[in-house]
**Q** 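Next up is a structure, given as structure tokens.
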Amino acid sequence: MSSVNSRLRAIFSKSVPAKTKVKPKSNVAAKSSDISAFPEETKLLKLVNKFKKSCEDPKFRCKHSIYRRTVRRLANAKKFSMIEDVLESQKKYDSIRVEGFANRLISLYGESGMFEHAHKLFDEMPELNCERTVKSFNVLLKAALDAKKFDKVVEIFKEFPLRVSVEPDLFSYNIVIHSFCEMGSFDDALSMFHEMEGNGMEPSLITYNTLLNALYRNGKFLEGERLWTMMEGENIAPDVRTYNARLRGIFIGDAGLEADEVISEMERKGIKPDLVSYNALIKGFCDGGNLKEAMKWYGELQKNNCRPDLVTFATLIPACCNAGDLVVAYELCLKAIDRRVLLKAAVFKNVVDGLARKVKYDEASELVKLVNSASHLNYKLE
DNA sequence: GTAGGGTTAG
């Protein structure tokens with residue numbers, strides 16, 4: 001196993017110094033907008049009250065996805081005090097003694113960018129008579145990651161095992177490695193990789209996928225390829241997500257690898273490209289101004305029974321507009337509306353304007369009409 | 001419970 005370490009070290013030491021690309025911190029927990037329109041505010045208040053009422057039913061409290069959807073909606077509207085209201089009120093139910101239930105609340109706080117609240121709830125678990133295990137520890141780590149408090153992930157990971165009697169497991173390491181990757185600290189990610197091996201944990205496919213995704217995304221294609229080889233040396237087989245990371249990577253910098261080569265390699269190994277694979281190719285070629293090749297892969301996507309989604313349309317339609325292919329853009333719009341895809345108004349607007357410039361007034365007004373009568377879209381054009 | 005793309009409502 002130590003040979004793995006030295007080989008991995010070699011992968012990183014050969015690498016060009018990282019242009020540390022850290023995602024901008026989204027200030028999710030910022031102050032909510034004061035100029036909120038009353039009707040929306042009232043609607044959300046009603047939602048909160050209805051939700052809290054429903055929670056009285058123990059069966060309702062098992063519905064994980066409704067919790068998630070409700071909280072996500074409040075978070076999108078930046079109604080953080082409503083989120084607090086909803087989640088804190090859960091403490092009065094005996095469900096809170098079930099670790100999985102408390103964990104859910106912690107992760108909802110994390111997804112809402114409310115890490116302080118997540119942490120507080122974790123601290124309160126003992127007094128709420130809820131047992132804490134390595135699982136809740138990992139949920140707290142993930143909550144910090146979701147809230148983009150990357151430094152907190154590291155801090156908690158290093159301090160907690162000392163204070164609370166939990167030992168980090170494979171999941172914990174994977175989350176910390178992810179966090180270092182988000183920070184652009186590949187060397188630290190690497191030392192975590194070593195440390196987990198030292199503690200008798202084998203890096204898993206997820207560990208590799210996490211690292212590979214970060215390397216390819218940051219234009220470190222060669223380092224990615226070396227790590228890939230090493231992974232296969234450990235008899236860990238790549239899956240479709242590993243390949244998708246690589247597909248995204250071939251468009252960043254001069255990777256020197258063709259999309260067709262990767263796709264045929266996947267086919268040889270019996271790994272079916274999925275929607276994310278095709279979207280990666282479409283995005284890659286659109287970004288490079290090669291609409292023709294992007295459309296080829298759009299065709300492949302359909303041939304292979306994938307359903308184009310928001311990402312597909314939102315990539316292809318503007319690219320068609322830029323290339324002056326208004327008829328294709330128009331047809332894609334029709335399809336997107338038919339499929340009830342939630343495209344932004346600006347995407348349609350662009351096509352309408354382009355059609356008008358090309359004196360295709362019939363199509364332009366037809367598109368306006370269709371958008372305005374689409375029940376799934378909550379805006380009107382013109 | 002950990003890994004993907006630009007994402008999510010009544």
Side-chain angles (χ1 to χ4, degrees), chain A residues 23 26 39-40 43-44 46-47 50-51 64-66 68-77 99-104 106-107 110-111 132-146 153 157 166 168-182 189 192 196 201 203-217 231 236 238-249 251 273-284 286-287 301 306 308-318 340-344 346-347 374-379:
Chain A
K23 276 194 194 161
S26 74
E40 181 63 13
K43 264 205 293 200
L44 292 175
K46 263 194 201 156
L47 174 73
K50 202 177 123 201
F51 184 88
H64 195 139
S65 61
I66 300 182
R68 183 141 277 135
R69 229 172 39 217
T70 306
V71 170
R72 202 176 285 168
R73 201 176 149 201
L74 294 172
N76 283 335
E99 193 194 357
F101 187 80
N103 284 347
R104 183 205 298 171
I106 292 172
S107 70
E111 287 172 20
R132 284 190 303 204
T133 67
V134 65
K135 208 163 170 174
S136 40
F137 174 69
N138 290 338
V139 167
L140 181 65
L141 287 178
K142 178 67 162 60
L145 182 67
D146 286 340
V153 178
F157 181 81
V166 280
D169 63 5
L170 175 63
F171 292 75
S172 327
Y173 276 101
N174 286 343
I175 297 167
V176 174
I177 287 172
H178 186 163
S179 194
F180 277 127
C181 286
E182 289 292 331
M192 280 298 140
M196 70 192 285
M201 275 166 268
S204 63
L205 177 61
I206 291 180
T207 316
Y208 283 101
N209 279 353
T210 304
L211 281 160
L212 286 169
N213 189 45
L215 290 172
Y216 288 131
R217 202 180 48 207
M231 172 183 74
I236 294 181
D239 66 0
V240 66
R241 290 165 88 138
T242 327
Y243 270 103
N244 288 347
R246 194 162 174 231
L247 281 174
R248 257 173 265 127
F251 295 98
D274 64 9
L275 179 60
V276 179
S277 322
Y278 292 114
N279 281 344
L281 294 173
I282 290 169
K283 171 98 166 46
C286 283
D287 286 351
L301 176 159
C306 292
D309 70 348
L310 176 69
V311 177
T312 321
F313 290 114
T315 310
L316 269 178
I317 295 172
R340 303 176 59 83
V341 173
L342 287 168
L343 282 168
K344 288 190 177 143
V347 175
S375 60
H376 67 289
L377 300 174
N378 60 355
Y379 50 76

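A note on names: the letters A, B, ... follow the listed sequences, proteins ahead of strands, and every chain is numbered from 1. Model, not experiment: these values are computed from the prediction.
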**Q** What is the minimum heavy-atom distance between A:A77 and A:L44, and which atoms define it?
**A** CB-CD1, 3.5 Å
**Q** 5'-most contact on DNA chain B: A:L47 or A:A314, nearest heavy atom basis?
**A** A:A314
**Q** Measuring from the side chain of A:V134 (C-beta onward, heavy atoms only), which nucleotide among B:dA9, B:dG1, B:dT2 has the closest atom?
**A** B:dG1
**Q** Regarding A:D274, tell me which of base, sugar-phosphate or nothing describes its non-hydrogen contacts under 4.0 Å with the strands shown.
**A** base
**Q** Sequence neighbours left out, what passes ring-ring contact (aromatic ring centres under 6.0 Å, His included) with A:Y216? Give chain and number order.
**A** A:F221
**Q** Take the protein atom CD1 of A:I206 and the nucleotide atom P of B:dT2, then report the distance between them rounded to whole Å.
**A** 8 Å
**Q** Any donor-acceptor pair under 3.5 Å joining the side chain of A:T315 to the base of B:dG6?
**A** yes
**Q** Distance check, C1' atoms only: B:dG1 and B:dG5, in whole angstrom units.
**A** 23 Å
**Q** So what does A:V139 touch, heavy atoms closer than 4.0 Å: a base, only the sugar-phosphate, or nothing?
**A** nothing
**Q** Rounded to the nearest Å, what distance is computed from the OH atom of residue A:Y216 to the C1' atom of nucleotide B:dA3?
**A** 14 Å
**Q** Answer whether the closest heavy-atom distance between the side chains of A:D239 and A:N209 falls below 4.5 Å.
**A** yes
**Q** Under 4.0 Å between any heavy atoms, over every strand shown, what does A:K135 touch: base, sugar-phosphate, or nothing? Just pick one.
**A** base
**Q** Could you tell me how far apart A:I236 (CD1) and B:dT2 (P) are, to the nearest whole angstrom?
**A** 18 Å
**Q** How many whole angstroms separate atom CD1 of A:I106 from atom C1' of B:dT2?
**A** 16 Å
**Q** Determine the interatomic distance between C1' on B:dG10 and the same-named atom on B:dG6; round to the nearest Å.
**A** 24 Å
**Q** Nearest to the side chain of A:R69 - B:dG5, B:dA9, B:dG1?
**A** B:dA9
**Q** Pick base, sugar-phosphate or nothing for A:D239, based on heavy-atom distances below 4.0 Å to the nucleic acid.
**A** base
**Q** What's the closest nucleotide to the side chain of A:I175 if the choices are B:dT7, B:dT2, B:dG1?
**A** B:dT2
**Q** Kindly give the heavy-atom pair with the smallest separation between A:V341 and A:H376, and that separation in Å.
**A** O-NE2, 3.2 Å
**Q** Would you mind classifying the nucleic acid contact of A:A280 as base, sugar-phosphate or nothing, using non-hydrogen atoms under 4.0 angstrom?
**A** nothing
**Q** To the nearest 0.5 Å, how far apart are CE in A:M192 and OG1 in A:T210?
**A** 14.0 Å
**Q** Side chain of A:F171: nearest nucleotide among B:dT8, B:dA3, B:dG1?
**A** B:dG1
**Q** With respect to the phosphate group of B:dA3, does any side-chain polar atom (N or O) of A:H178 fall under 4.0 Å of OP1 or OP2?
**A** yes
**Q** Calculate the interatomic distance between A:D309 atom CG and B:dG5 atom P; express it in whole Å.
**A** 13 Å
**Q** Between A:T207 and A:K283, just flag the one whose closest nucleotide in DNA chain B comes earlier from the 5' side.
**A** A:T207
**Q** Between A:N76 and B:dA9, does any side-chain N or O lie under 4.0 Å from OP1 or OP2?
**A** yes
**Q** What about A:N279: does its side chain form a donor-acceptor pair under 3.5 Å with the base of B:dG6?
**A** no
**Q** Side chain of A:L275, heavy atoms from C-beta onward: which of B:dT2, B:dG5, B:dG10 has the nearest atom to it?
**A** B:dG5
**Q** Whole angstroms only, please: what is the NZ-P distance between A:K344 and B:dT7?
**A** 8 Å
**Q** Choose from B:dG1, B:dG10, B:dA3 the nucleotide whose nearest atom is closest to any side-chain atom of A:T210.
**A** B:dA3
**Q** Would you mind reading off the distance between A:L343 atom CG and B:dA9 atom P, rounded to a whole angstrom?
**A** 15 Å
**Q** Considering residues at least two apart in sequence or located in another chain, which fulfil the ring-ring contact (aromatic ring centres under 6.0 Å, His included) criterion with A:F251?
**A** A:F285
**Q** Please give, in whole Å, the distance from B:dT2 C1' to A:L205 CG?
**A** 12 Å
**Q** So if I take every side-chain heavy atom of A:L310 and compare against B:dT7, B:dT2, B:dG1, which nucleotide ends up nearest?
**A** B:dT7
**Q** Do the side chains of A:I106 and A:K142 get nearer than 4.5 Å, heavy atoms only?
**A** no
**Q** Counting heavy atoms from C-beta on, name the nucleotide in B:dA3, B:dG5, B:dG1 closest to the side chain of A:V311.
**A** B:dG5
